[in-house]
Amino acid sequence: MKKPTLFAPDVIRGITIKQPWAACILHGDKRVENRPRAWAPGWRLLHAAAETDRAALRDPLVARTVRGLELPTRAVLGIARIVGSHTDTGEPCSPWAQPGCVHLDLDDVHPLALPVPCDGQLGPWRVPLGVYERVLLQLPAYLRTLLPEAES
């Protein structure tokens, strides 16, 4: 019989983002994530997708931001908080904003020292408990107090 999968508290979800965009959030000043629809505010584990957006590497803003960085994939690389979202008004809210998208506003971005291997999904996905626990071990104590405790 297969053991049931245990998950992190339901308020913590994963968001999968292709590289190099994930690195631009974690190591640059990209605080807008472009999506087709709004997401609820809250903490999200930032997960690098399996595929890399190779065309994005030719963008000068992206190239400057990720120069010299490794671009791991298929792993949780950090944590951030979605603090709101807004629809594109035609006036760029950020050099990272894409027209015609909903812009998720990110804050409290914290990269992890070590990637935590994990498969992601489209949309907000439930985080396996073991992944969440490995992420918590890498976060500063003050930040762990802001997040829900893992349920065992």
Mind listing the side-chain donor-acceptor pairs of residues 56-75 below 3.5 Å, one per line with the distance, residues two or more places apart or on another chain?
from : atom 1 : to  : atom 2 : distance (Å)
D59  : OD1    : L61 : N      : 2.8
D59  : OD1    : V62 : N      : 3.4
T65  : OG1    : L61 : O      : 2.8

**Prompt:** Step by step, would you call D108 with W43 a side-chain contact (heavy atoms from CB on, under 4.5 Å)?
**Reply:** CA-CA 9 Å; D108 297 323; W43 289 99; 3.6 Å; yes

Using a 3.5 Å distance criterion without hydrogens, assess whether the side chain of [X] forms a donor-acceptor pair with backbone atoms of [Y].
{"X": "R81", "Y": "V109", "answer": "no"}
{"X": "E133", "Y": "L137", "answer": "no"}
{"X": "D88", "Y": "G100", "answer": "yes"}
{"X": "Q138", "Y": "A113", "answer": "yes"}

- Check whether more than 12 heavy atoms from other residues, nucleotides or ligands sit under 6.0 Å from atom CG of D119, and answer yes or no. no

Report task. Count the heavy atoms of every other residue, nucleotide or ligand shown that sit under 6.0 Å from CG of L146, and state whether that count exceeds 12. Result -> yes

query = Would you call E51 and R54 a salt bridge, taking side-chain N to carboxylate O under 4.0 Å as the test?
reply = no

Open item on the list: Whether D10 and R126 form a salt bridge (side-chain N of Lys/Arg under 4.0 Å from carboxylate O of Asp/Glu) is what I want to check.
Closed with: yes

Here the ring pair (Phe, Tyr, Trp, His ring centres under 6.0 Å) pairs for residues 78-127, sequence neighbours left out, are H47-W125, H86-H103

Contacts of R134 meeting side-chain hydrogen bond (donor to acceptor under 3.5 Å, both in side chains) (sequence neighbours excluded), chain-then-number -> none

